[in-house]
Amino acid sequence: SRCSAMHYVYLLQSGVDNRRHYTGFTRDLRARLARHNAGQNQSTIHGRPWRLVSYFAFVEETKARECTEWAAQLIADVRNWIKKNCPDLL
């Protein structure tokens with residue numbers, strides 16, 4: 001089916017620290033979230049449980065990978081701006 005050929009960029013939020021986020025790439029959102037919550041990803045082993053905040057679907061894998069990099073950088077930029085301008089929020 002066409003949906004099984006999709007590539008997903010997703011944003012997770014930690015259930016124990018809502019300031020913590022993770023951006024990733026997968027072809028199977030449900031299975032990937034389950035692996036994050038089972039502690040099978042070193043980057044997200046702390047912060048479990050994780051919840052899916054949003055995702056974007058792409059037909060082209062290259063576009064999805066570009067979006068993953070862009071989203072991760074955007075989150076880092078926003079976090080740095082908040083640290084500089086509104087440190088009480090973090």
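Counting begins at 1 with the first residue of the sequence.
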Enter the distance from [X]:[atom1] to [Y]:[atom2] here, rounded to the nearest 0.5 Å.
X     : Y     : atom1 : atom2 : value
Tyr10 : Thr26 : OH    : OG1   : 6.0 Å
Lys84 : Ile82 : NZ    : CD1   : 13.5 Å
Leu52 : His36 : CG    : NE2   : 10.0 Å
Asn37 : Arg32 : CG    : CZ    : 11.0 Å

- Task: Give a yes or no on whether the ring-centroid distance for His7 and Tyr55 is below 6.0 angstrom.
- Result: no
Applying a strict under-4.5 Å side-chain criterion to I, L, V, M, F, W and Y, I'd like to know whether [X] and [Y] cluster together.
X     : Y     : value
Val53 : Val78 : no
Trp81 : Trp70 : yes
Tyr22 : Phe56 : no

- Message: For Glu61, give me all partners under salt bridge (Lys or Arg N to Asp or Glu O under 4.0 Å), at least two apart in sequence or on another chain.
- Response: Arg65
For [X] and [Y], work out which heavy atoms get closest and say how close.
X     : Y     : result
Gly47 : Ser14 : O-OG, 2.7 Å
Arg19 : His21 : O-ND1, 3.4 Å
Asn18 : Gln13 : O-NE2, 2.8 Å
Ile75 : Thr23 : CD1-OG1, 3.2 Å
Val9  : Cys67 : CG2-CB, 4.0 Å
Leu12 : Leu33 : CD2-CD1, 3.7 Å

- Heavy-atom count around Phe25 CZ within 6.0 Å, excluding the residue itself: above 12? yes
- Message: Test of understanding: with side-chain contact (heavy atoms from CB on, under 4.5 Å), list the residues that count as partners of Ala57, not counting sequence neighbours.
- Response: Met6, Tyr8
- Message: Quick check against the 3.5 Å criterion: does Trp50 have a side-chain atom that pairs as donor or acceptor with the backbone of Thr44?
- Response: yes
- Message: Strictly distance-based, threshold 3.5 Å: is any side-chain N or O of Arg48 a donor or acceptor partner for the main-chain N or O of Val16?
- Response: no
